[in-house]
Amino acid sequence: MTEQTLIILKPDTVQRGLVGEIIQRIEKTTLKIVAMKMVYASKEQAGTHYADDKEWLISVGEKTLKSAEKKGIKLSRTALEQGQWVRQMLMEYITMSPSVVMVIEGHNAVAKIRMLCGGTSPQEASPGTIRGDYAIDSYMLADASDRPVQNLIHASGTVEEAKREIKIWFNENEIHTFKRVDEDLIYRKG
Ligand code: ATP
Ligand code: MG
């Protein structure tokens, strides 16, 4: 299935000069960059992207709670409270300096890019993935440092999520239609 996904190379990627490295990995898969720009995210964009959605907030908070539990630490916040705190931190983080946003298109683009990114916490992300290779952060370190997990890249989790997110960052006329030369190999008929 040809689909589109949204990528944000977050401020830590731009500040650490890793934009080129990461784009190269994406381009080499044969997935196609159909939109790309550098943005200084507004508070409004950040708040819409990291939506105030109870289910997502709880899932985010549970990651810290589970990680603490593994270390025998019991935190006083509930998963929802932890998630709300992370959301506030994420909104500050994503607006602190520029990010690079992209729309990537191709066969199974959403799942493929998520695999390339690796797990949310770089500490647990597999070697060979972007988060596993270029970062070492963990939920515990982020929590102790009063900031969200710095994991370089955001990628949409589902096709539906991608459709919602692309609209936050791009106008329709910024998303381009063109053919890469390798498409004849990948998508040819017969
Ligand atoms: P993304 O949506 O950024 O691609 P993801 O889907 O793996 O990553 P989400 O659960 O959607 O993870 O969380 C969004 C972002 O919030 C993460 O990329 C990370 O920067 C941060 N984050 C998530 N959970 C936590 C947590 N428990 N503590 C600190 N930061 C967190
Ligand atoms: Mg997500």
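Read the numbers this way: they start at 1 and go in the same order the structure lists the ligands and their atoms. In this chain, numbering begins with 1 at the start of the sequence shown.
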Residue portion contacting ligand 1 (non-hydrogen atoms closer than 4.0 Å) for [X]:
X	answer
Lys66	neither
Val60	both
Leu90	side chain
Val86	side chain

request  = Just grab all the ring pair (Phe, Tyr, Trp, His ring centres under 6.0 Å) pairs involving residues 114-156, residues at least two apart or on different chains.
outcome  =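 Pairs touching residues 114-156 that pass the test: His49-His154.
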Is there at least one pair of N or O atoms, one from [X] and one from ligand 1, spaced under 3.5 Å apart?
X	value
Val149	yes
Gln82	no
Lys10	yes
Tyr93	no
Tyr50	no
Thr120	yes
Arg147	no

inquiry  = In the structure I gave you, are the side-chain heavy atoms of Val100 and Ile8 within less than 4.5 Å of one another anywhere?
reply    =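 The answer is no, as the side chains (C-beta and beyond) never meet within the 4.5 Å cut-off.
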message = Measuring only between side-chain heavy atoms, which start at C-beta, is Leu6 closer than 4.5 Å to Phe170?
response = yes
task = Salt-bridge test for Lys10 and Asp12: reply yes if a basic N is under 4.0 Å from a carboxylate O, no otherwise.
result =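 No.
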query = Side-chain donor-acceptor pair under 3.5 Å between Glu105 and Thr2, yes or no?
reply = no
message = I'd like to know if the side chain of Asp143 pairs up with that of Gln82 as donor and acceptor (distance under 3.5 Å, no hydrogens or angles considered).
response =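 Gln82 and Asp143 do have a side-chain donor-acceptor pair below 3.5 Å.
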